[in-house]
Each structure stands twice: as structure tokens, then as C-alpha cells.
Amino acid sequence: MTKIEAIFASAEDDTFEAKYRALCHCNAVTYEVSSDPVDSKICHCKVCRTLHGAPMQWAAIFHKHHVRITEGINHLNYYSSELNKYERSLPCKVSCSLCGTFIADEGRNMWLAFPSLFDFGVPPSVPKKFKPTCHVFYSMRVIDINDDLPKWSGHKNKSMQL
Ligand SMILES: [Zn+2]
Ligand SMILES: [Zn+2]
């Protein structure tokens, strides 16, 4: 557990000011972020689609030191889709062991949060900084999207735009 806490904002860090709060379906896992996301993307790749059981995945990216797990750190499950193993080999998927909600994709430095878990009110009022800036792996899409955002065939800035 100390290893996990060491890379996130510490619970004792008085300078940490929660800006947004996220929670899993069963509320066992909650976390806070102290900043706006550095980017926000919609991914159409097969791994995201399969694991999330959804046509696409919306991720907002934060530095891990702007993230603080507030509840349920002992309920976090880790899954490496590269190794096909339940282990915290970064990058990996993080989920709630009780309800199965995917919490985030954890990278070495970054935390790819799923804004769908954020508490934006009812009905949700999504801050501008969370609005997706592009679609990635759009060549893998199962649903066409009619918006003005750039659509990359693979990774952003490292593939062709479609
Ligand atoms: Zn849960
Ligand atoms: Zn993906």
C-alpha cells in the first residue's frame, strides 16, 4: 500500500485541494483530483471497447501527483491487458473489486481517468477542460461520430488523420 500512496498525492499533503471527485458505482472507491485534465480523448481501440463493453472510451488525463485515492484503496484491482494478468504492471487498468467499475488506466506517470465517474452534478454539467479534444484509434471504430474533433487513425499526433 505504501508503494501505491507514494506515487499519488499523499493523504497528509495539506496543499492538495480537491477540484473534482470521482466514485465507482458502489461508492467503495472514491478519489479526488486537484487540477484540470491535461487532455481528454475518446478512444475507439478494440481493447477499450472490449474491456468497457462500450463503443468507445472517454479518458481525461491527469498527472498522478494530482490524484488522491480517498476511499477503497484496498478495493483496487489491477489488470494488465498487455500481459493478460491481474497484476499492477504499468500501464494497467484499475477497477473496483466489489462492483467492477473501471476507475482509470494507470500509466507510469499519468492517470487516465474516466470522466463518466466524476461528480458533475445532476444533470451533469461537464467543465470545458474535460471536453474531448480528439478521437484516437478512429480506424477501429464501430460507430461513426459526426463532430468537428480531429480523428486520428491511431495515437494522437502519431498517426494519420481520417
Ligand atoms: Zn465499486
Ligand atoms: Zn483504447
Side-chain angles (χ1 to χ4, degrees), residues 1-13 15-16 18-120 129-130 132-143 152-159:
M1 185 184 288
T2 48
K3 194 182 159 203
I4 295 172
E5 285 177 336
I7 51 154
F8 293 109
S10 149
E12 286 87 50
D13 181 357
T15 63
F16 187 98
K19 196 161 183 175
Y20 305 104
R21 185 164 175 266
L23 51 167
C24 71
H25 172 71
C26 75
N27 294 354
V29 178
T30 65
Y31 72 90
E32 297 168 340
V33 293
S34 61
S35 75
D36 285 313
V38 296
D39 200 2
S40 172
K41 304 178 211 179
I42 292 178
C43 185
H44 297 257
C45 85
K46 179 135 174 48
V47 174
C48 289
R49 286 193 283 105
T50 304
L51 285 170
H52 288 257
M56 61 199 85
Q57 179 222 79
W58 176 25
I61 304 165
F62 297 87
H63 289 279
K64 280 203 266 188
H65 58 259
H66 287 141
V67 176
R68 178 151 81 180
I69 310 290
T70 40
E71 298 276 354
I73 200 158
N74 51 334
H75 289 308
L76 296 181
N77 262 359
Y78 302 94
Y79 173 68
S80 162
S81 62
E82 275 167 38
L83 304 177
N84 197 15
K85 277 186 183 159
Y86 277 103
E87 66 176 50
R88 191 160 172 260
S89 164
L90 304 180
C92 67
K93 308 281 305 183
V94 183
S95 61
C96 169
S97 62
L98 299 179
C99 68
T101 301
F102 280 119
I103 307 293
D105 287 346
E106 182 183 3
R108 283 166 193 85
N109 303 303
M110 309 305 279
W111 177 258
L112 281 70
F114 306 129
S116 311
L117 278 63
F118 280 54
D119 182 7
F120 290 141
K129 294 277 174 69
F130 282 77
T133 63
C134 65
H135 295 270
V136 295
F137 291 95
Y138 194 67
S139 59
M140 309 281 283
R141 71 191 177 281
V142 290
I143 287 179
W152 298 93
S153 64
H155 284 292
K156 182 179 184 177
N157 297 329
K158 288 179 187 160
S159 62

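Nothing fancy with the numbering, it's 1 onward along the sequence.
Every residue meeting the side chain to side chain donor-acceptor pair (under 3.5 Å) condition with T70, not counting sequence neighbours, appears here in chain and number order: T30. Applying the side chain to side chain donor-acceptor pair (under 3.5 Å) criterion to S35, with sequence neighbours excluded, gives H66. Listed by chain and residue number, nothing satisfies the salt bridge (Lys or Arg N to Asp or Glu O under 4.0 Å) test with R49 (two or more places apart in sequence, or in another chain). By the side chain to side chain donor-acceptor pair (under 3.5 Å) test, H25 pairs with no residue at all, sequence neighbours left out. Taking D36 as the reference, K19, Y20 meet the side chain to side chain donor-acceptor pair (under 3.5 Å) condition, with sequence neighbours excluded.
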Quiz prompt | D13 and R68: CA distance, side-chain angles, deciding distance, salt bridge (Lys or Arg N to Asp or Glu O under 4.0 Å) verdict | solution = CA-CA 10 Å; D13 181 357; R68 178 151 81 180; 5.9 Å; no

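Put simply, the side chain of I61 does not reach to within 4.5 Å of the side chain of P37, judged on heavy atoms. In this structure the side chain of M56 never reaches within 4.5 angstrom of the side chain of C43, judged on heavy atoms. Y78 places a side-chain heavy atom less than 4.5 Å from the side chain of V94. Side chains of N157 and W152 form a contact here, defined as non-hydrogen atoms less than 4.5 Å apart. Put simply, the side chain of Y79 does not reach to within 4.5 Å of the side chain of S95, judged on heavy atoms. Here the side chains of Q57 and D105 are in contact, with some heavy-atom distance below 4.5 Å. A heavy-atom distance below 4.5 Å is found between the side chains of K156 and T133.
Across all non-hydrogen atoms, the minimal contact from R21 to L23 is NH1-CD2, 4.2 Å. The nearest pair of heavy atoms linking I103 to L117 is CA-CD2, 3.8 Å. Here the closest heavy-atom approach between residue V29 and residue G72 is recorded as CG2-O, 3.8 Å. Across all their heavy atoms, C99 and C24 have their closest contact at SG-SG, 3.8 Å. Nearest heavy-atom pair, Y31 versus F114, reported as atom, atom and distance to 0.1 Å: OH-N, 4.4 Å. Across all their heavy atoms, F120 and P115 have their closest contact at CE1-O, 3.8 Å.
Within the structure, every pair that satisfies the salt bridge (Lys or Arg N to Asp or Glu O under 4.0 Å) test and touches residues 52-67, not counting sequence neighbours, is listed here: K64-E106.
Panel note: side chain S159, backbone G154; a donor-acceptor pair is recorded below 3.5 Å. Between the side chain of S97 and the main chain of H75, a donor-acceptor pair closer than 3.5 Å is present.
Atom-to-atom distance recorded for D39:CG and C134:SG is 6.0 Å, nearest 0.5 angstrom. Atom OG of S80 sits about 8.5 Å away from atom NZ of K85, to the nearest 0.5 Å. Separation of atoms OH (Y138) and CD1 (I143) is listed at 10.0 Å; rounding is to 0.5 Å. To the nearest 0.5 Å, atoms SG (C48) and CD1 (I42) are separated by 11.5 Å. Residue S153 holds its OG atom at 10.5 Å from CZ of R141, rounded to the nearest 0.5 Å.
The environment of CD in E82 is sparse: at most 12 heavy-atom neighbours from other residues, nucleotides or ligands sit within 6.0 Å.
Using modelled atom types and a 3.5 Å distance limit, the side chains of K41 and H155 yield no donor-acceptor pair.
The aromatic rings of F8 and W111 sit perpendicular to each other, their planes meeting at more than 60°, with 30° as the lower class boundary. Ring geometry for F102 versus H52: interplanar angle of 30 to 60°, hence tilted.
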